[in-house]
Every structure is written in C-alpha cells, then in structure tokens.
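Computed over heavy atoms, backbone and side chain alike; hydrogens, waters and symmetry mates excluded.
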Amino acid sequence: MSQAQLQLVIWVSRHTPLKSQLDVLREKLGDYELKVVAERIPNADYIVDNFVKPNIGKYARIVVIPVLPLSMIARLVELSRFNSFEVWWAEMEQVKVLSSEPVPNRDYNPYNETVVVAAGAHEQKSYKIMRFKKFHRIKRIVMEMEEV
C-alpha cells in the first residue's frame, strides 16, 4: 500500500497509546501510520507546523489525538479547519482510585486501562485507574458563560 493511501495518526501525549486504543484506530481507519509526539509542546501551531503541514498530501487522512490543555485543543480544532486534518478525543473514564501503587493484571487491565499518579495533601500519592472508552471527532469547543 502506498503512503498516500495510508492514514497518519499523530498522537500528542506523554503517554503512549493503549493496545485497545491502537486496536480501535485500526478498526476505524484500517491501515495507518502512528507518530507519537511525547515532547514538550509550546502551542497548537507547533503541532501543525512541525507534524501536520509536512505530511499534507502524503496521507489520505491526518488525525491528531492530543492529550493537552483545553485551550491548546481548541486552537488545534480551529487550525484543523484550514489545514486538512481532524482532531479526535480519546474518552477515558476513571474507574477507581487506589492509595498504593497498582499492579498490572491485578488492579487494572493494561490492555484498556492506565494509571495516572496524583500527589495530594502532604505529598500523599493517589493512583487513578483510567479506562479507555472510545474516540470522538472534535468538531468545536464552546464556552457557555453567564455573568456573576
């Protein structure tokens, strides 16, 4: 299969994708190439300039899956309208919180769950077990406000 028929997934996160996420991507996209971007990202334009634009025309579709602050994701969605790529959200749900370090295959399933470590009061760590649910295409991000 030529590269122009493949789809490119740009995974922007310090965490590598779960096996279940990779399986769902293959189910949704067929053959795809994965580019994991785990470096520090200064802004959304950096992603577009360094990872999207150099690949436009080389792939049938480009999908960016960011784990970034909401303001950066909103800017990515705005940029996607003019740069021929999609922004997808990996929906995760918290399924439990543990006070001691979780053990894979006992406390969580590494196929579709990951551990997020949080420091609480007095440096007490907690371990959140997050389970992958599904992907969503982000069409727009809206803030609804009212006067206080």
Side-chain angles (χ1 to χ4, degrees), residues 6-55 59-148:
L6 278 176
Q7 298 175 82
L8 175 63
V9 173
I10 303 169
W11 185 273
V12 186
S13 174
R14 292 176 308 189
H15 309 284
T16 57
L18 297 168
K19 175 81 168 79
S20 63
Q21 292 169 321
L22 296 174
D23 288 348
V24 170
L25 286 170
R26 180 134 349 265
E27 191 180 292
K28 301 263 182 218
L29 301 173
D31 288 329
Y32 68 93
E33 190 172 307
L34 179 67
K35 168 69 177 158
V36 176
V37 180
E39 64 197 69
R40 186 185 171 286
I41 304 297
N43 54 51
D45 296 76
Y46 178 86
I47 296 165
V48 174
D49 292 342
N50 290 283
F51 303 104
V52 174
K53 284 183 180 176
N55 290 297
Y59 293 88
R61 175 201 267 170
I62 299 174
V63 175
V64 177
I65 303 175
V67 180
L68 295 168
L70 190 56
S71 59
M72 289 175 70
I73 294 172
R75 176 69 176 146
L76 261 180
V77 172
E78 183 182 306
L79 291 168
S80 73
R81 293 189 181 99
F82 309 103
N83 291 284
S84 306
F85 69 95
E86 298 176 18
V87 181
W88 289 13
W89 178 264
E91 182 182 350
M92 305 290 285
E93 70 176 329
Q94 181 178 306
V95 292
K96 64 174 108 164
V97 178
L98 301 171
S99 57
S100 59
E101 190 165 344
V103 176
N105 298 310
R106 183 188 78 193
D107 296 317
Y108 71 99
N109 179 350
Y111 173 74
N112 66 339
E113 295 174 334
T114 190
V115 178
V116 176
V117 181
H122 310 293
E123 300 303 314
Q124 172 92 23
K125 286 184 181 176
S126 64
Y127 301 85
K128 296 178 183 179
I129 309 299
M130 305 296 290
R131 180 177 298 146
F132 172 64
K133 288 181 72 174
K134 59 187 163 184
F135 289 109
H136 300 271
R137 182 179 299 106
I138 304 174
K139 295 173 72 172
R140 67 187 185 122
I141 295 179
V142 179
M143 288 179 57
E144 184 175 334
M145 297 183 265
E146 65 180 19
E147 195 171 324
V148 293

Checklist entry - Hey, are the side chains of Arg75 and Glu78 touching, using non-hydrogen atoms and a 4.5 Å cut-off? => result yes

Checklist entry - Given Arg14 and Val67, is the side-chain contact (heavy atoms from CB on, under 4.5 Å) satisfied, shown in steps? => result CA-CA 8 Å; Arg14 292 176 308 189; Val67 180; over 6 Å; no

Next on the checklist: When you compare the side chain of Leu18 with that of Pro110, does any pair of heavy atoms fall below 4.5 Å?
Outcome noted: no

Item to check | Residue pair Leu8, Phe85: steps toward the side-chain contact (heavy atoms from CB on, under 4.5 Å) verdict | outcome: CA-CA 10 Å; Leu8 175 63; Phe85 69 95; over 6 Å; no

Checklist entry - Are the side chain of Ser20 and the backbone of Tyr111 linked by a donor-acceptor contact shorter than 3.5 Å? => result yes

Item to check | Crowding at CZ, Arg26 (>12 non-hydrogen neighbours, <6.0 Å) | outcome: yes

Item to check | His136 vs Lys134 side-chain heavy atoms within contact, under 4.5 Å | outcome: yes

In residues 140-148, what donor-acceptor pairs under 3.5 Å come from side-chain atoms, sequence neighbours left out?
none

Checklist entry - Which distance, rounded to the nearest 0.5 Å, do you find between the CD1 of Ile47 and the CG of Leu68? => result 5.0 Å

Checklist entry - Do Lys139 and Val87 pass the side-chain contact (heavy atoms from CB on, under 4.5 Å) test, and can you show the C-alpha distance, the side-chain angles, and the key distance before you say yes or no? => result CA-CA 8 Å; Lys139 295 173 72 172; Val87 181; over 6 Å; no

Checklist entry - Can you find a heavy atom in the side chain of Ile65 that is under 4.5 Å from one in the side chain of Ile10? => result no

Checklist entry - Where do Val116 and Met92 land on the side-chain contact (heavy atoms from CB on, under 4.5 Å) test, with the steps shown first? => result CA-CA 11 Å; Val116 176; Met92 305 290 285; over 6 Å; no

Checklist entry - Are any side-chain N or O atoms of Tyr59 and backbone N or O atoms of Val9, one a donor and one an acceptor, separated by less than 3.5 Å? => result no

Checklist entry - Among all residues two or more places apart in sequence or in another chain, which pass the ring pair (Phe, Tyr, Trp, His ring centres under 6.0 Å) test with Phe132? => result Phe135

Next on the checklist: Quick check against the 3.5 Å criterion: does Lys96 have a side-chain atom that pairs as donor or acceptor with the backbone of Asp107?
Outcome noted: yes

Checklist entry - Taking the side chain from Gln7 and the backbone from Leu29, do they hold a donor-acceptor pair closer than 3.5 Å? => result yes

